[in-house]
Amino acid sequence: QVPLVESGGSLVQSGESLNLTCTVSPDTLNYHSIGWFRQAPGRAREGVSCLSLGTGSTYTADSVKGRFTISGDNAKNTWVLQMNSLQPEGTAVYLCARGFGRWCRSGYLVDGDYGDWGQGTQVTVST
């Protein structure tokens, strides 16, 4: 069973909004953070946003700050990345991941902090 599943990816036009959902399978694992990453063709994976479950604190990358918002419901194991004013450079596969043993770092995301990953959902932004 895949522990995390992303949904909501789509083809949108520049300036439009999209909500991505990360659904975590119910299990006994106690995770501490949810991270959203994206990977565009030919580019390195980029950390987009993180939410610490215990504190509620969040981090959002400068490249999307003011346009992307992370939120969710721990009881429902569902996490949302709200994306507004999408631009063509936002075209990528978006992945969610859950981290164990630490809250979100301040100022950046590190792949190695996350133990389980979803398979991703494609977002394509046309001009």
Side-chain angles (χ1 to χ4, degrees):
Q1 186 178 9
V2 178
L4 293 90
V5 178
E6 303 92 339
S7 60
S10 181
L11 169 64
V12 297
Q13 292 187 335
S14 180
E16 292 186 338
S17 298
L18 201 60
N19 286 349
L20 303 182
T21 299
C22 176
T23 302
V24 179
S25 297
D27 56 31
T28 59
L29 298 179
N30 186 26
Y31 57 103
H32 298 82
S33 64
I34 286 290
W36 281 98
F37 294 77
R38 65 185 180 184
Q39 185 150 26
R43 300 188 66 179
R45 183 178 295 174
E46 176 188 9
V48 174
S49 191
C50 178
L51 184 149
S52 298
L53 272 63
T55 66
S57 64
T58 63
Y59 161 77
T60 303
D62 287 344
S63 59
V64 300
K65 189 170 293 184
R67 299 187 296 117
F68 287 19
T69 303
I70 188 172
S71 64
D73 187 330
N74 194 11
K76 296 181 180 179
N77 281 315
T78 301
W79 310 97
V80 175
L81 182 68
Q82 181 180 348
M83 307 186 296
N84 297 325
S85 300
L86 282 163
Q87 302 301 313
E89 56 266 30
T91 294
V93 174
Y94 285 72
L95 306 101
C96 67
R98 59 176 175 176
F100 301 91
R102 65 168 299 134
W103 309 130
C104 299
R105 294 177 186 266
S106 177
Y108 58 99
L109 280 77
V110 176
D111 291 22
D113 287 345
Y114 299 88
D116 289 328
W117 292 76
Q119 295 182 332
T121 186
Q122 176 70 46
V123 173
T124 302
V125 186
S126 65
T127 56

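Aromatic rings of Phe37 and Tyr114 (six-membered ring for Trp) have centroids within the 6.0 Å cut-off, being under it.
The structure places OG1 of Thr21 at 11.5 Å from NZ of Lys76, a figure rounded to the nearest 0.5 Å. We find the CD-CE distance between Glu16 and Met83 to be 11.5 Å, quoted to the nearest 0.5 Å. Between the OG atom of Ser7 and the CG atom of Asn19 there is a distance of 10.0 Å, given to the nearest 0.5 Å. Note that CZ of Phe68 and OG1 of Thr60 are 9.5 Å apart. Values are rounded to the nearest 0.5 Å. To the nearest 0.5 Å, atoms CG (Leu51) and CH2 (Trp103) are separated by 10.5 Å. Here the straight-line distance linking atom CG of Asp113 with atom CG of Asp111 works out to 8.5 Å at 0.5 Å rounding.
Arg102 approaches His32 most closely through the heavy-atom pair O-CB, 3.3 Å. Nearest heavy atoms, Ser33 versus Cys104: CB-SG, 4.1 Å. Considering every non-hydrogen atom in both Thr91 and Gln122, the closest pair reads CG2-NE2, 4.0 Å. Across every non-hydrogen atom of Arg67 and Leu86, the tightest pair is NH1-CA, 4.0 Å. Residues Leu81 and Ser49 approach most closely at CD1-CB, 4.2 Å, considering heavy atoms. In terms of heavy-atom proximity, Cys22 sits nearest to Leu4 at SG-CD2, 3.6 Å.
Of the possible donor and acceptor atoms, one in the side chain of Ser25 sits under 3.5 Å from a partner among the backbone N and O of Val2. For Ser52 (side chain) and Gly54 (main-chain N/O), no donor-acceptor pair under 3.5 Å exists by modelled atom type. Not one N or O on the side chain of Gln13 forms a donor-acceptor pair closer than 3.5 Å with the backbone of Ser126.
By the 30° and 60° cut-offs, the orientation of the rings of Tyr31 relative to Phe100 is perpendicular.
Put simply, Val48 and Val125 are part of the same group of oily side chains (I, L, V, M, F, W, Y) that touch within less than 4.5 Å, one to the next. When the side chains of ILVMFWY residues are joined at heavy-atom separations under 4.5 Å, either directly or via intervening members, Trp117 and Leu109 end up in a single hydrophobic cluster. Under the 4.5 Å side-chain heavy-atom criterion for grouping Ile, Leu, Val, Met, Phe, Trp and Tyr, Leu11 is not connected to Leu18 through any hydrophobic cluster. When hydrophobic clusters are built by joining Ile, Leu, Val, Met, Phe, Trp and Tyr residues whose side-chain heavy atoms come closer than 4.5 Å, directly or via intermediates, Ile70 is not grouped with Tyr59. Both Val12 and Val64 belong to a common hydrophobic cluster when Ile, Leu, Val, Met, Phe, Trp and Tyr are linked at side-chain heavy-atom distances under 4.5 angstrom.
Between Asp27 and Arg98 a salt bridge is recorded (basic side-chain N to carboxylate O distance below 4.0 Å).
Residues Asn84 and Ser17 bring a donor and an acceptor atom of their side chains to less than 3.5 Å of each other. Residues Ser71 and Gln82 bring no donor and acceptor atom of their side chains to less than 3.5 Å of each other.
Trp79 has its side chain within reach of Val24: a pair of non-hydrogen atoms, C-beta onward, lies under 4.5 Å apart. By the 4.5 Å heavy-atom criterion applied to side chains, Glu6 and Leu20 are not counted as neighbours. Side-chain contact between Val123 and Val93: absent, with no pair of heavy atoms (C-beta onward) separated by less than 4.5 Å.
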As a quick check of understanding, evaluate side-chain hydrogen bond (donor to acceptor under 3.5 Å, both in side chains) for Glu46 and Ser63, giving each step before the final call. CA-CA 10 Å; Glu46 176 188 9; Ser63 59; 2.8 Å; yes
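When the shell of 6.0 Å around CD of Gln119 is examined, it contains 12 or fewer heavy atoms from other residues, nucleotides or ligands.
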